[in-house]
Amino acid sequence: MDHAHEVTASSALRRHVHMALYQLALELGELVIEEAVRRLDMKPADVDRATVELVEEHLLVRRADGTLAPCSPETAEAHMVGHLQEEIQRRRARIAQINEDMSEFEAVYRAAVRRRKPTESVQVLTSVPAIRSELTKLSDLCETEFVAAHPVLPPQETLEEGFVRHREMLARGVDSRTLYPHAVLAHQYMQHHLSGMVGEGAQVRTTSHVPDRVLIYDRKCAVISRSATDEGGGGAMIVRDASLVGFLHRSWESVWITALPFAAAPDGMGYGEAKHEVRRAIVELLDTGAKDEVVARRLGMSVRACRRHIADIMAELGAESRFQAGSFARRAGWLNTG
């Protein structure tokens with residue numbers, strides 16, 4: 001029996017003991033420990049422990065003379081829920097106070113961000129909470145345009161966080177455009193997420209290869225990922241230098257122009273209209289002699305998925321090797337750009 005089953009069985013046994021003691025107390029009008037031990041054939045220690053728990057649950061109440069009397073479940077519930085409701089009210093009041101206090105600081109913070117000096121053009125963030133906090137602030141301050149590129153499949157948690165920020169920006173009239181590699185379309189939850197984004201008014205396109213992650217706000221501020229091999233290791237950089245942000249935006253636009261608009265697959269799975277582009281990108285790399293791992297990394301997919309694609313392509317072309325597949329595909333016109 002695994003731990004979860006052991007916990008469930010123990011809980012069921014505990015509740016059975018509670019019920020037996022409660023029924024006996026109702027029958028006798030009070031609970032006498034010695035009588036419970038005798039009539040229920042239980043160990044005194046078990047009865048003592050269960051009695052304490054029933055008192056804590058307000059199903060038993062101790063009278064002035066020290067005897068234990070049963071209470072109605074309705075009364076017990078009122079006692080227990082009442083305390084919880086009071087705690088909830090206290091926490092809500094605390095949250096309201098925090099929101100009120102922070103709103104005053106937020107106004108000062110936003111004013112300072114807008115006055116930020118050129119010497120503060122690069123900010124390095126290494127912790128995940130700090131990055132999330134800064135992304136939320138940048139999204140709140142974004143006024144006209146947000147563009148982004150993501151080179152790999154994001155975790156669902158990250159997508160959900162980003163979707164909330166996106167929806168709030170779109171509601172304010174911010175133009176939103178995002179790039180992903182074709183490979184992410186093979187995942188059903190990604191198809192669902194992208195459909196939701198488009199439904200909210202965002203534009204999404206996919207392309208064969210997205211080099212790096214970048215987020216650009218109003219063409220004034222960019223967030224780029226830091227490599228784990230960089231000094232300090234990982235995290236993100238917030239860039240506010242006008243020349244560098246402009247360069248990043250122009251680079252992003254050059255990829256966006258040739259990317260394919262996202263169209264949900266009919267069954268919510270598969271590459272849809274991007275299928276031919278995925279196959280073409282694979283055979284182009286095979287034609288150069290690239291290894292499976294290189295092809296997979298370049299296209300943002302797992303090695304396993306990449307090998308499955310390669311096997312299908314080789315079978316369709318009648319090729320006996322990966323290099324031969326690239327050569328056959330070229331002769332068959334798969335790589336023609338016209």
Side-chain angles (χ1 to χ4, degrees), residues 102-155 157-170 172-181 184 197 202-207 209-259 297-298 300:
M102 290 302 106
S103 64
E104 298 178 14
F105 287 95
E106 184 67 19
V108 175
Y109 173 84
R110 293 194 181 201
V113 167
R114 293 190 176 96
R115 296 193 306 269
R116 202 178 289 269
K117 300 177 182 178
T119 53
E120 300 171 327
S121 59
V122 176
Q123 179 182 1
V124 177
L125 302 174
T126 56
S127 73
V128 173
I131 293 171
R132 286 176 175 167
S133 176
E134 196 64 29
L135 290 179
T136 298
K137 291 183 175 73
L138 290 172
S139 298
D140 290 344
L141 292 169
C142 190
E143 297 176 344
T144 59
E145 181 193 61
F146 170 76
V147 302
H150 301 279
V152 296
L153 179 73
E157 179 184 354
T158 301
L159 288 176
E160 291 167 2
E161 290 176 1
F163 186 78
V164 172
R165 291 193 295 266
H166 255 98
R167 187 164 50 194
E168 292 173 351
M169 286 191 291
L170 291 165
R172 299 197 306 270
V174 174
D175 178 48
S176 171
R177 294 180 289 161
T178 303
L179 278 166
Y180 284 101
V184 304
M197 291 277 291
Q203 297 180 63
V204 178
R205 293 187 182 183
T206 61
T207 187
H209 176 58
V210 175
D212 291 292
R213 187 178 189 219
V214 62
L215 313 174
I216 305 175
Y217 301 84
D218 291 331
R219 306 194 189 190
K220 297 177 181 178
C221 174
V223 180
I224 59 177
S225 297
R226 298 179 74 237
S227 170
T229 59
D230 291 343
E231 184 178 353
M237 290 178 61
I238 300 177
V239 180
R240 293 183 173 87
D241 179 81
S243 298
L244 183 51
V245 173
F247 168 76
L248 291 170
H249 192 278
R250 290 190 299 275
S251 300
W252 181 93
E253 282 282 8
S254 68
V255 181
W256 176 264
I257 291 171
T258 60
R297 184 169 61 253
R298 175 78 178 175

*Asks:* Should Val210 and Val255 count as side-chain neighbours, where that means a heavy-atom distance under 4.5 Å?
*Replies:* no
*Asks:* Quick check for you: to the nearest 0.5 Å, what is the distance between Ile224 atom CD1 and Leu244 atom CG?
*Replies:* 6.5 Å
*Asks:* With sequence neighbours excluded, tell me which residues meet salt bridge (charged side-chain N to carboxylate O under 4.0 Å, His left out) with Glu160.
*Replies:* none
*Asks:* For Thr207, which residues count as a side-chain hydrogen bond (donor to acceptor under 3.5 Å, both in side chains) partner, sequence neighbours excluded?
*Replies:* none
*Asks:* Please name the pair of heavy atoms, one in Ile216 and one in Ala222, separated by the smallest distance, quoted to 0.1 Å.
*Replies:* CG1-CB, 4.1 Å
*Asks:* What are the two closest heavy atoms between Asp218 and Cys142, and how far apart are they?
*Replies:* OD2-CA, 3.4 Å
*Asks:* Please name all residues satisfying salt bridge (charged side-chain N to carboxylate O under 4.0 Å, His left out) with Arg177, sequence neighbours left out, ordered by chain then number.
*Replies:* Glu145, Asp175, Glu253
*Asks:* Taking the side chain as every heavy atom from C-beta outward, state whether Asp212 and Pro151 have any atom pair closer than 4.5 Å.
*Replies:* no
*Asks:* Please identify each residue that fulfils side chain to side chain contact (heavy atoms under 4.5 Å, CB included) with Thr136, with sequence neighbours left out.
*Replies:* Asp140, Arg165
*Asks:* If you look at every heavy atom in Ile257 and Arg205, which pair is closest and at what distance?
*Replies:* O-NH1, 3.9 Å
*Asks:* Looking only at heavy atoms, which two atoms of Cys221 and Ile238 are closest? And how far apart?
*Replies:* SG-CG2, 3.5 Å
*Asks:* Return the minimal non-hydrogen interatomic distance between Val239 and Val245, and the atom names on each side.
*Replies:* O-CG2, 3.4 Å
*Asks:* To the nearest 0.5 Å, what is the distance between CZ (Arg219) and OG1 (Thr144)?
*Replies:* 8.0 Å
*Asks:* Restricting to non-hydrogen atoms, name the atom on Arg172 and the atom on Ser139 that form the minimum distance, rounded to 0.1 Å.
*Replies:* NH2-O, 2.6 Å
*Asks:* Please list, chain by chain and in numerical order, all residues satisfying side chain to side chain contact (heavy atoms under 4.5 Å, CB included) with Ser176, sequence neighbours excluded.
*Replies:* Phe146, His166, Leu170, Thr178, Ala202
*Asks:* By side chain to side chain contact (heavy atoms under 4.5 Å, CB included), which residues pair with Ser127, not counting sequence neighbours?
*Replies:* Pro129, Ala130
*Asks:* When rounded to the nearest 0.5 angstrom, what is the spacing between CZ in Arg213 and CG in Leu179?
*Replies:* 13.5 Å
*Asks:* Which of parallel (below 30°), tilted (30 to 60°) and perpendicular (above 60°) describes Trp256 and Trp252?
*Replies:* parallel
*Asks:* Contact between Leu215 and His150 at the side-chain level, heavy atoms closer than 4.5 Å - yes or no?
*Replies:* yes
*Asks:* Should Leu141 and Tyr217 count as side-chain neighbours, where that means a heavy-atom distance under 4.5 Å?
*Replies:* no
